[in-house]
2 protein chains.
Amino acid sequence: MPAVSISRHCCSESTNLENFRALVDEQIIDEIRALSRKIGDLRICHINATASGGGVAELLFRLIPMYRALGLRVDWRIIHGDAEFFRVTKSFHNALQGADFHLTKEVQDEYLRHNELAAEELSEIYDVYIVHDPQPAGLRALKPEARGKWIWRCHIDSSAPNPEAWGFLRPYVEQYDASVFTLESFRPPDLAMKRVAFIAPAIDPYATKNMELPTDLCRKVIADAGIDLNRALILQVARFDPWKDPLGVLAAFRQVQRAKPDVQLAFIGAMAGDDPEGWEILHSMQEETKADDNVHILTNLTGVGSMEVNAFQRGADVIVQKSIREGFGLVVSEALWKAKPVVAGKAGGIPLQFPRGYERFLVTSIDECAARIVQLLDEPAIAAEMGRAGREKIKRDFLLPRLVRDELRLIASLTAG
Amino acid sequence: MPAVSISRHCCSESTNLENFRALVDEQIIDEIRALSRKIGDLRICHINATASGGGVAELLFRLIPMYRALGLRVDWRIIHGDAEFFRVTKSFHNALQGADFHLTKEVQDEYLRHNELAAEELSEIYDVYIVHDPQPAGLRALKPEARGKWIWRCHIDSSAPNPEAWGFLRPYVEQYDASVFTLESFRPPDLAMKRVAFIAPAIDPYATKNMELPTDLCRKVIADAGIDLNRALILQVARFDPWKDPLGVLAAFRQVQRAKPDVQLAFIGAMAGDDPEGWEILHSMQEETKADDNVHILTNLTGVGSMEVNAFQRGADVIVQKSIREGFGLVVSEALWKAKPVVAGKAGGIPLQFPRGYERFLVTSIDECAARIVQLLDEPAIAAEMGRAGREKIKRDFLLPRLVRDELRLIASLTAG
């Protein structure tokens, strides 16, 4: 089972936990140090389906150098698969979120064949196995001789899974020593396990997408995209995905324009290579806004990357995340960390990220979204106060060290005694 | 014929020509001002096939706000087309570069039908029409009543065009008052026109991709990608295109590693949505380098945009552009403008951009490429001197004002008297 190689010389600022002392409660740092000493002899292995692309791989690329810098013995291994296997596991993924699913003999065979192969290939012995999402979930059952502790880490909202898919996966999952979900509400109702933990994701304040940037640099980047720095800017950063409601954002913006004709909208979306639905949404947004030079639709296909997103988030007046459905919605944490006021859909993990007292900016309709944007533009003191409260909230609950502490706590408690 | 709307409030630093006084020879600025006064009454129209995607649209988005800020009356219009039309014009594009082409009745009909439609729709009268590339090239012949001056601006290396494709297009092109090619060598040998001009492209030093960035910021961005700041970094920025020879870059890097085991390579490539060949090359590069944590392959699909490219160019020790064939290769100007030493393929417009005395860093083989990289790593004084000379060269010949001056000179000379 191939290991993912990560440069031993990684010197991102987030690799060294000490860099976080100035940002988060020092007790978190001290607890991480203590936990690391406690479990420093354990051999730990993360197992997932891909080393590139997707949120899980992105997170592991940040976490593993940090764990190693803490002295932990952490590997990262990948389950092999062909196109057919990934088609099958993608259907499991969607089915855990409630999509239609039909459990054929072929689907079962394909799934088990690759998990058996991975079980054979996994010849190294570990003390703790952390297995991510459905793709390699069968491993634990197929490797009974591996006596370490097994954790299934589910990143999916599986609160109402398709019964056929979950009926197949559940017996495999229930053989783990613990399972972890992002939110309590994501746990499948009938999961019978002694240990179920809930660990929310987090952002890395030192990553390119979140690092401090000089204000004048942010202004130059925004002006270079053709945006007027002297007028208000509304921003949504999201894939061109119906659940992120990009067309709803446009509709809300039209309403805002009626009250404030000068306002501008930037919509930054990443396109994946194989995303026909995304292209369709992008094209209909371009078509609908081609006569309006106050709407700017920007994508990674024309040079917009993490630093540009960072600069736009820092330069925007109001940040919107009008999701109808969300996994967790970390982009809200990114915005609040930059002390920006946010109007966002009441969905998934978004409410959890909001600072107390600002719940009225969680919206469930286009009208409400527009009204809340107008309010924040009209009352800059409230906008600024929400930004400050938001940054404090993210600092306390959604920066990388809190996530690391929660994971180490779970490992320590499972392996104690 | 729809006009492309560009915000009237664009406040990019490059919109205001005065911002270039500190960068380029002031005579260029003064000449642009004088030419603008001379032709300020003329109505000018740029016509191309798309408002987004591709180098021509990118350039027009920079040039048109600048022209307008100079007081010129410049519009930008788009020729309509459906998928079939763009398939046909794409085949003309490739055929001008020498690819196979078969001129059927259907191809001719499709091409002319859209050009006729565009001619009908173009109801406004202009004094100067600047028509870009093959897609709308038929317009001039199909609009005999439009008495302005017509310029055909070809951005393609058409030095050895497919005879069938060029045989069809040539009579349309020869009805223009002038044609413009990027390089003298790009001119089709049998083109019979009184006025043929050669105008090289240019970079915008104020664009996000080229703007000054603080050194410590560049270092953070590079470290955040997992690269060791204490060891040398080689960089190529190019699409995953066989003519950019990405696998040749890897092979050269392997040779460099034999002399200097510590060296690192970053390859930054943009993926388009519909680019199966690009995906194949990306995957084979990933496969070939998966065991080598000194090779970093980065793309726009994982958050790398113009600012990251800028930061990497500024932070790299040697920049490579190992093209086998090139249009112009402006990425060489981007690198030299940042005062970086460059090892590049002797192809297309690349030699034109090199500072005098450094032609030995133009290479035609993997061995030569590797040897020149090693030499620049071994002799940092030469590397620094090449960077300085390169920056001077770009400052003189390849910044935006020189391009603007050349275009205005052509317009003024065609319309004089």
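All chains are named by letter (A, B, ...) in the order of the sequence lines, taking the proteins before the strands, and each is independently numbered beginning at 1. Hydrogens, waters and symmetry mates play no part in the numbers below; they use all other heavy atoms, side chains included.
Taking CG of Asn310(A) as the start and CZ of Arg314(A) as the end, the distance is 4.5 Å to the nearest 0.5 Å. Annotation: the span from Leu282(B) atom CG to Arg239(B) atom CZ amounts to 14.0 Å, rounded to 0.5 Å. The NE2 atom of His132(A) sits 5.0 Å away from atom NE2 of His46(A), with the distance rounded to the nearest 0.5 Å.
Neither the backbone nor the side chain of Ala270(B) comes within contact range of chain A; no heavy atom of the residue lies under 4.5 Å from a heavy atom of that chain. Interface residue Leu213(B): only side-chain heavy atoms are found under 4.5 Å from chain A. Residue Lys209(B): no heavy atom, backbone or side chain, is found under 4.5 Å from chain A. Heavy atoms closer than 4.5 Å to chain A are found in the backbone of Val304(B), but not in its side chain.
Highest contact tally toward chain B, considering only Glu212(A), Met211(A), Met307(A), is held by Met307(A) [criterion: heavy-atom pairs under 4.5 Å].
Shown here are the salt bridge (charged side-chain N to carboxylate O under 4.0 Å, His left out) partners of Arg62(B), two or more places apart in sequence or in another chain: Asp224(A), Asp204(B).
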Does Leu63(A) form a side-chain contact (heavy atoms from CB on, under 4.5 Å) with Leu400(A)? I'd like the steps, not just the answer. CA-CA 8 Å; Leu63(A) 287 174; Leu400(A) 217 44; 4.1 Å; yes
